[in-house]
Amino acid sequence: MVAPAPRQHKGTNTRPPREERLFGVPLPLWIAFFAFADLMLAFPELDLAVSAWFFDPQAGFVAERRWWERLLYHSIDVVLIGLVLALVAAWWRGRARVKQGLGRQGPSGRQLVLLIALLVLVPGLVVNQGLKENLGRARPISLTEFGGTSAFTPAFLPSDEGGGSFSSGHAAAAFFVVVVAVELASARSLWFVLALAYALAIGWIRIASGGHFLSDVMTSAFLVWMGYLSLLALWPAGTATPGDRSLDQS
């Protein structure tokens with residue numbers, strides 16, 4: 001004998017509760033970002049300690065001016081230009097396929113505009129033109145602790161040292177590549193794994209060569225992802241959830 005199904009009371013909401021968001025960003029991510037900022041402000045010596053792992057008093061920073069460090073350093077410009085051109089070309093080809101009735105393959109117009117807007121707003125304006133140009137944090141390689149002449153400034157605080165350490169433009173650009181992989185493939189795709197490995201490598205060489213602190217790299221990663229989610233919140237309803245996007249999406 002089959003037991004009867006339990007009766008549902010009127011007004012019972014069986015759907016999972018909606019995640020609380022602020023400007024499109026989940027509250028746990030806001031909490032994680034501010035917790036990280038508080039940690040770096042409360043214990044600024046963490047930045048110095050991490051950079052010291054890659055510094056030798058006799059040889060300087062272990063990755064400075066090595067051929068593989070220079071290769072990765074200069075690769076970001078090539079990757080960004082190639083990626084933007086590939087996105088535009090793929091969108092144009094998909095547009096032509098739609099007109100021919102063949103179905104879209106490649107990014108939609110909405111996705112193309114979203115990604116380019118993210119690149120311009122966060123790595124371009126917020127990081128490079130905003131934080132780096134105005135906070136003036138000295139780079140690790142310039143500090144007295146590592147053989148230079150500049151004074152150390154904790155993350156998130158303004159400095160009169162005239163440096164461009166906070167936050168990392170290279171890391172912001174590299175983590176933009178990760179967002180592209182999530183937007184056009186998914187967070188479970190090989191493209192995401194490759195993009196994340198590249199972003200982590202860029203972040204690592206910027207720290208190991210004395211160009212940036214750990215907090216510079218981490219802040220850029222936070223800003224790019226939070227900027228992406230904020231832009232998604234402004235997009236018209238009906239777009240897919242991050243991580244569930246595919247290359248054949250119309």
Side-chain angles (χ1 to χ4, degrees), residues 25 29-77 80 119-176 178 198-227:
V25 179
L29 185 54
W30 280 110
I31 293 171
F33 175 65
F34 283 112
F36 169 74
D38 286 343
L39 177 67
M40 301 313 296
L41 287 169
F43 303 100
E45 60 273 15
L46 289 175
D47 264 337
L48 292 172
V50 172
S51 292
W53 293 345
F54 305 100
F55 179 76
D56 182 276
Q58 303 300 322
F61 281 94
V62 296
E64 184 188 2
R65 298 293 172 180
R66 301 296 177 90
W67 68 266
W68 44 268
E69 184 270 335
R70 290 288 89 189
L71 179 65
L72 279 171
Y73 178 88
H74 291 293
S75 72
I76 194 65
D77 293 332
L80 281 186
L119 178 62
V120 171
L121 291 174
V122 181
L125 293 179
V126 174
V127 173
N128 283 294
Q129 297 301 315
L131 297 176
K132 289 173 69 68
E133 291 294 326
N134 293 286
L135 290 189
R137 188 187 200 190
R139 299 179 186 275
I141 200 169
S142 301
L143 299 184
T144 55
E145 289 86 345
F146 302 117
T149 59
S150 299
F152 172 74
T153 305
F156 301 97
L157 297 182
S159 170
D160 58 2
E161 293 297 324
S165 186
F166 188 82
S167 62
S168 172
H170 272 72
F175 279 100
F176 167 77
V178 178
Y198 176 71
L200 293 176
I202 290 291
W204 181 82
I205 64 108
R206 297 306 289 138
I207 298 172
S209 64
H212 284 287
F213 294 102
L214 173 66
S215 59
D216 301 332
V217 172
M218 291 294 296
T219 298
S220 289
F222 270 114
L223 291 177
V224 170
W225 186 248
M226 294 167 75

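All values derive from a computational prediction rather than experimental measurement.
With sequence neighbours excluded, the residues satisfying ring pair (Phe, Tyr, Trp, His ring centres under 6.0 Å) with Phe166 are Phe156. Applying the ring pair (Phe, Tyr, Trp, His ring centres under 6.0 Å) criterion to Phe152, with sequence neighbours excluded, gives Phe213.
Residues Phe146 and Ser51 come closest through the heavy atom pair CZ-CB, 3.9 Å. Nearest approach of Leu29 to Met226, heavy atoms of both residues: CD2-CG, 3.7 Å.
Leu143 is listed as a side-chain neighbour of Leu48, based on a closest heavy-atom distance under 4.5 Å. Side-chain contact check for Phe176 versus Val122: every heavy-atom pair is 4.5 Å or farther apart. Between Glu133 and Asn128 there is no side-chain heavy-atom pair separated by less than 4.5 Å.
Screening residues 140-154 for side chain to side chain donor-acceptor pair (under 3.5 Å), with sequence neighbours left out, gives Thr153-Ser159. Judged as a side chain to side chain donor-acceptor pair (under 3.5 Å), the pairs with a partner in residues 57-75 (not counting sequence neighbours) are, in order, Ser75-Tyr198. Here side chain to side chain donor-acceptor pair (under 3.5 Å) pairs that include residues 215-224, with residues two or more places apart or in two chains, are Asp47-Ser215, Arg137-Ser215, Arg137-Asp216, Ser165-Asp216, Ser167-Ser220, His212-Asp216.
Here the CD-CG distance, from Glu161 to Leu135, works out to 13.0 Å after rounding to the nearest 0.5 Å. Atoms CH2 and CG, from Trp204 and Leu72 in turn, are 9.0 Å apart once rounded to the nearest 0.5 Å. We find the CH2-CZ distance between Trp225 and Phe175 to be 11.5 Å, quoted to the nearest 0.5 Å. Taking CD1 of Ile202 as the start and CD1 of Ile207 as the end, the distance is 12.0 Å to the nearest 0.5 Å.
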query: Where do Val178 and Val224 land on the side-chain contact (heavy atoms from CB on, under 4.5 Å) test, with the steps shown first?
result: CA-CA 10 Å; Val178 178; Val224 170; over 6 Å; no
Using a 3.5 Å cut-off and no angle test, enumerate the donor-acceptor pairs between side-chain atoms of residues 30-41 and protein atoms at least two apart in sequence or in another chain.
residue, atom, partner, partner atom, Å
Trp30, NE1, Leu22, O, 2.9
Trp30, NE1, Val25, O, 3.4

